[in-house]
Amino acid sequence: MHLDLTADDLGAAAERAVALGATLPEQPDPHWRVLLDPAGHPFCLTPFTPDAVG
């Protein structure tokens with residue numbers, strides 16, 4: 001399973017995730033933050049909501 005989580009402030013949300021144990025690898029896209037959970041599984045933070053995409 002892959003999670004895409006909505007966050008208004010990507011920087012603050014990424015900092016919080018890192019404080020909780022995630023790692024922040026090199027970022028491929030400025031509109032998303034791709035992080036890895038402590039087990040190495042990727043998840044994304046985005047400012048987009050499902051209604052705003054597609």
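Remember, it's a predicted structure, so these values are computed and weren't measured experimentally.
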With Leu24, the side-chain contact (heavy atoms from CB on, under 4.5 Å) member among Leu36, Leu35, Val34 | Leu35
Identify all side-chain donor-acceptor contacts of residues 6-16 below 3.5 Å with residues at least two apart in sequence or on another chain.
from: Thr6; atom 1: OG1; to: Phe48; atom 2: O; distance (Å): 3.1
from: Asp9; atom 1: OD1; to: Gly11; atom 2: N; distance (Å): 3.2
from: Asp9; atom 1: OD1; to: Ala12; atom 2: N; distance (Å): 3.0

Within this structure, what is the [atom1]-[atom2] distance for the pair [X] and [Y], rounded to the nearest 0.5 Å?
| X | Y | atom1 | atom2 | answer |
| --- | --- | --- | --- | --- |
| Asp29 | Thr46 | CG | OG1 | 8.5 Å |
| Asp37 | Leu20 | CG | CG | 12.0 Å |
| Phe43 | Leu5 | CZ | CG | 7.0 Å |

Is there side-chain contact between Cys44 and Arg33, with at least one heavy-atom pair below 4.5 Å?
-> no
